[in-house]
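What follows is a set of notes on a single structure, which appears directly below.
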Amino acid sequence: MAGGHCLVAVSEASERVGDMSGTGTETGAAPARVVVIGAGIAGLAAAHRLLRRGARVTVLEAGDRVGGKLLPGEIAGVRVDLGAESLLARRPEAVGLAREAGLGDRLQPPATASASIWTRGALRPMPKGHVMGVPGTASAVAGVISDEGLERIEREAALPRTEVGDDVAVGTYVAERLGREVVDRLVEPLLGGVYAGDAYRISMRSAVPQLFEAARRHDSLTEAVRSLQAGAAAAPQTGPVFMGIEGGVGRLPLAVADAVRARGGEILTGTPVTELRREAGETWRIVAGDRVLHTDAVVVATPAPAAAALLAAESPGAAAELRQIEYASMALITLAYRRADAAALPEGSGFLVPPVDGRTIKAATFASRKWGWIADEDPDVVVVRTSVGRYGETEILGREDAELVELSRHDLREATGLDAAPLKTRVTRWSDGLPQYPVGHRARVVRVREHVAKLPGLAVCGAAYDGVGVPACIASAYAAVDQLGGDLRAVRQLTAHPVQSLHGGAGE
Ligand SMILES: Cc1cc2nc3c(=O)[nH]c(=O)nc-3n(C[C@H](O)[C@H](O)[C@H](O)COP(=O)(O)OP(=O)(O)OC[C@H]3O[C@@H](n4cnc5c(N)ncnc54)[C@H](O)[C@@H]3O)c2cc1C
């Protein structure tokens, strides 16, 4: 970054928190002031990185706690996650942030990776050779798919090519190639586990981009899957695919918030932002309750509906696009059993349930089996977690907590034989928990960013954009910070003097 000396662009090595005076100092120009709206993992990751780059940061959070969809909790004296519980470790962002926030020695892979599918009346081992449920050969999914379904897969290679165009719904494309059974019994529950969505609406380009690209290159989908598998085999990745955090993934935002405060950042909870306006001098005016803040730059890290409301005045185009992004709601039912009562629980980390099987729950996680740290919390307690609610399924979420517990117990009994009364239960509702990525989502996000880019000093990030998983949310936060670095260089021209890094040299 030759010649760029604004404080937000200081090298990552710099530990210096910018001067608070707001005017030039002996070390150079005043630090850029940045307000981050939303203290979910995306907003906190953005704040953390902005501070490392020397900005002066305030985070405004509507709720009374930080973390958004990451929420640590407790049942029967055992710590558990009541929101997200697992981090994809094949991408660097989430485990990297955990390490930066001092949780490196708390990262823990799952104790077992063997899961099942509850379908056609039995728990069946989750097949291994597939990409998001799409097999490279029929034999890879034998056991889950019926004999007729397997024959249908075998005929796929002879079918004429199906064009994927700019985007296509995963379910539509896979059903056309391999038959509906593969979608209904494998793709749907696997995708549903991530998006709580509907495979026949979800964008293949956004949700399974590697499959989309492979399908573009190959006439046959099974051949495309085999080419991906061959590529993965040729360059095997080491280390666990997923990681948890001892004490819960919900500890991650708490640790990042601590790191933000330790670097001089300010986090205000119970402070919903209601107005965001651009003002003379290229700064931003933010109204949150009875506070009015003036700042050089803003990161909007809220879910899409809140982002749409905040951007309506200054970027009606972005707001109109964001309003189109729909969400799925869900509830998690956590049940704690005495170990002696839970003997019926099978081995493995849990099971997924295809909607086509007509059950109430969509998944069950045997939390004490999956995470060693939960088993260690109290060896006499076994924790199981079920989930209900998919995109468009509103009826089930209208039920009382006690009814959701009973429905979960019923399905657990049917699937595993676990019949005992739980010691304790907890229902956690996630209204509008997961954004939906239908066909065309990627193009919509490009349009949102084009609108936002017209307003220097404004960036957006979070689950609504580039992926709903925690690592993708963090990546979108880092991209937002990079964008602001460029904006502030261009607009504020904070180029008076280089900033000294702790490592002795000037900022890059
Ligand atoms: C039940 C559930 C389980 C999940 N499991 C996993 C998992 O195991 N692994 C995984 O990788 N992902 C999982 N996810 C997805 C992942 O947790 C989320 O996509 C991610 O945490 C979203 O982070 P975020 O910062 O974008 O948004 P959020 O967590 O939604 O944070 C946004 C914040 O903005 C605040 N806000 C909103 N409006 C305003 C306003 N006007 N002013 C100020 N603040 C405002 C909100 O209060 C909130 O705190 C799960 C999601 C859910 C719902």
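Atoms within a ligand are numbered from 1 in the order they appear, just like the ligands themselves.
Looking only at heavy atoms of the protein, atom 42 (N) of ligand 1 is closest to Val273 N, 3.0 Å. For atom 4 (C) of ligand 1, the closest heavy atom belonging to the protein is Ala84 CA, 3.6 Å. Counting only heavy atoms of the protein, atom 1 (C) of ligand 1 lies nearest to Trp430 CD1, 3.4 Å. Of the protein's non-hydrogen atoms, Thr302 CG2, 3.6 Å is the one closest to atom 39 (C) of ligand 1. Closest protein heavy atom to atom 48 (C) of ligand 1: Glu61 OE1, 3.5 Å. Scanning the protein for heavy atoms near atom 43 (C) of ligand 1, the closest one is Ala62 N, 3.3 Å. Closest to atom 30 (O) of ligand 1, if we only count protein heavy atoms, is Lys69 NZ, 2.6 Å.
Within ligand 1, counting atoms from 1 as listed, the ones closer than 4.0 Å to a heavy atom of Ala42 are 25 (O), 26 (O). Ligand-side atoms of ligand 1 in range of Val470: 10 (C), 11 (O), 12 (N), range being under 4.0 angstrom from any heavy atom.
Open room surrounds CD on Glu400; 12 or fewer heavy atoms of other groups in view lie less than 6.0 Å from it.
Here the shortest heavy-atom distance to atom 9 (N) of ligand 1, taken over Ala331, Ser86, Gly250, belongs to Ser86. Nearest residue to atom 31 (O) of ligand 1 from Cys461, Gly38, Ala464, Gly40 is Gly40 (criterion: closest heavy atom). Across the listed options Ala301, Ser431, Gly68, Ala301 owns the non-hydrogen atom lying nearest to atom 32 (C) of ligand 1.
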Donor-acceptor contacts, no H, no angles, side chain residues 238-252, under 3.5 Å, sequence neighbours left out:
{"residue": "Glu246", "atom": "OE2", "partner": "Arg106", "partner atom": "NH1", "Å": "3.3"}
{"residue": "Arg251", "atom": "NH1", "partner": "Glu246", "partner atom": "O", "Å": "2.9"}

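Where the criterion is an N or O separation shorter than 3.5 Å, residue side chain and backbone included, Ala306 fails it with respect to ligand 1.
Annotation: cation-pi pair Arg277/Trp284 absent, no NZ/CZ under 6.0 Å from the ring centroid and within 45° of its normal.
The pair Asp401-Arg429 meets the salt-bridge criterion, with a side-chain N (NZ, NE, NH1 or NH2) lying under 4.0 Å from an Asp/Glu carboxylate O.
Residue contact check for ligand 1: Ile37 places a non-hydrogen atom closer than 4.0 Å to it.
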